[in-house]
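One structure is given here, and the rest of the page talks about it.
In what follows, chains are A, B, ... by sequence order, proteins preceding strands, each numbered from 1. Only a predicted model underlies this, so the values are computations on that prediction, with no experimental measurement involved.
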Amino acid sequence: MLLRLPSKHIIQAFQRKLLSWYFLHGRKFPWREIQLDPYRAIIAEILLQRTKAETVSKVYLEFLRKFPSWKSIVDTDIKQLESVLTPLGLYRQRARGLKALAEKMIDTKGILPQNRDELMQLPMMGQYLANAVELVLWNKPSPLLDVNMARLLERYFKKRKLADIRHDPYLQKLSSAIVNTPNALEMNWAVLDFAALVCKAVKPECEICILNEDCKYYKNSVKDK
DNA sequence: TTCCAGCACT
DNA sequence: AGTGCAGGAA
């Protein structure tokens, strides 16, 4: 399978523009303020699944106040867990999953498996969350490859072949190349924020977009007029 | 009505 | 590969 990535020059220009945008317009969230411990980092990512970051920011600190540790989740009634999660949606699945994950974590005395394959055996631990653990806790340049990052990359470069982001080798490779920088954490946040605020799913702000002159999606939209 | 820092189950 | 989950905002 031939997978040709964009040239180093193209990727560097893309990274530079996004980072300079990020330092002016990037979003601030509680889970970005400090170096998080594994518990807080994983909780943040689970709350963020299929949920707008702005919505999560209203609940995140309250969740940590009520459930400050894996143990507190094991000890609580699932209904208590659900009631905190209700404003976010997906609350039954998340409550059940968090319970299962917390029980595993207590089994291992709070120690995460140190390799990716074992990590992904944990409840709720899919490809996205495993990447987040690598990025945030293990300092690896892994991509937070979600619908936002996928949308931006697909518009700017080219569309994926497979329906599922997680199984598309092109998006995997491309996103890894994009965030493979000394400051992978900020590079990831830059992509996510830019995709959420400018390269939006509905009504993208192409006219003010700093990437538009090289963007395949924008060029096509102009051509269509 | 669509969309959102996905995952588990079929 | 397809689908359910789910409340809230645009």
Taking CG from A/Leu90 and P from B/dC3, how many angstroms apart are they, rounded to a whole number? 16 Å

Less than 4.0 angstrom from a charged side-chain N to a carboxylate O is my criterion; do A/Arg32 and A/Asp193 meet it? yes

Could you tell me the separation between the CZ atom of A/Arg92 and the P atom of C/dG7, rounded to a whole number of Å? 8 Å

Just the rounded figure in Å: distance from P of B/dC4 to NZ of A/Lys200. 12 Å

What are the residues of residues 44-72 of chain A, sorted by number, that bring a heavy atom to within less than 4.0 Å of DNA chain B? A/Glu45, A/Leu48, A/Gln49, A/Arg50, A/Thr51, A/Lys52, A/Ala53

Measure from CG on A/Leu135 to P on B/dA5 and round the result to the nearest Å. 17 Å

Nearest-Å distance for atom pair CG/C1', residues A/Asp168 and B/dG6: 16 Å

Between A/Pro123 and A/Phe29, which is nearer to the 5' end of DNA chain B once each is assigned its nearest nucleotide? A/Phe29

Mind checking A/Met149 for me? I need base, sugar-phosphate or nothing, with any heavy atom below 4.0 Å counting as a touch. nothing

Can you say whether a donor on the side chain of A/Arg96 sits under 3.5 Å from an acceptor on the base of B/dA8, or the other way round? no

When rounded to the nearest 0.5 angstrom, what is the spacing between NZ in A/Lys66 and CD1 in A/Ile73? 13.5 Å

Counting only heavy atoms not in A/Arg155, do more than 12 sit closer than 6.0 Å to its CZ atom? yes

Touch check for A/Ile165, heavy atoms < 4.0 angstrom, all strands: base, sugar-phosphate only, or nothing? nothing

A/Gln127 CD to B/dG6 P, straight-line distance once rounded to whole Å: 12 Å

In whole angstrom, give the distance that lies between atom CG of A/Asn131 and atom C1' of B/dA5. 12 Å

Kindly assign one of parallel, tilted or perpendicular to the pair A/Phe14 and A/Tyr156, based on the angle between their ring planes and the thresholds 30° and 60°. tilted

Scan side-chain atoms only and decide if A/Thr181 and A/Arg16 contain a donor-acceptor pair under the 3.5 Å cut-off. no

For A/Leu197 and C/dA9, give me the distance from atom CG to atom C1', rounded to whole Å. 14 Å

Could you go through A/Tyr128 and A/Leu145, starting from their C-alpha distance and side-chain angles, then the distance that decides it, and tell me whether this counts as side-chain contact (heavy atoms from CB on, under 4.5 Å)? CA-CA 6 Å; A/Tyr128 173 89; A/Leu145 179 55; 5.6 Å; no

Is A/Arg94 near enough to B/dG6 that one of its side-chain N or O atoms lies under 4.0 angstrom from OP1 or OP2? no

Distance check, P atoms only: B/dC9 and C/dA6, in whole angstrom units. 14 Å

Using the P atom as the reference point in each nucleotide, state the distance between C/dA10 and B/dA5 in Å, no decimals. 13 Å

Among B/dA5, C/dG7, B/dC3, which is the nearest nucleotide to the side chain of A/Tyr91? C/dG7

Hey, can you tell me if A/Trp31 and A/Phe29 have their rings parallel, tilted or perpendicular (30° and 60° cut-offs)? parallel

Give A/Arg166 one of three labels, base, sugar-phosphate or nothing, depending on what nucleic acid heavy atoms sit under 4.0 Å from its own. base

May I ask you to decide whether A/Arg40 forms a salt bridge with A/Asp37, counting only side-chain N to carboxylate O separations under 4.0 Å? yes

Could you work out the separation of B/dC3 and C/dT3 based on their P atoms and round it to a whole Å? 16 Å

Could you tell me whether A/Ala201 contacts a base, only the sugar-phosphate backbone, or nothing, with contacts defined as non-hydrogen atoms closer than 4.0 Å? sugar-phosphate

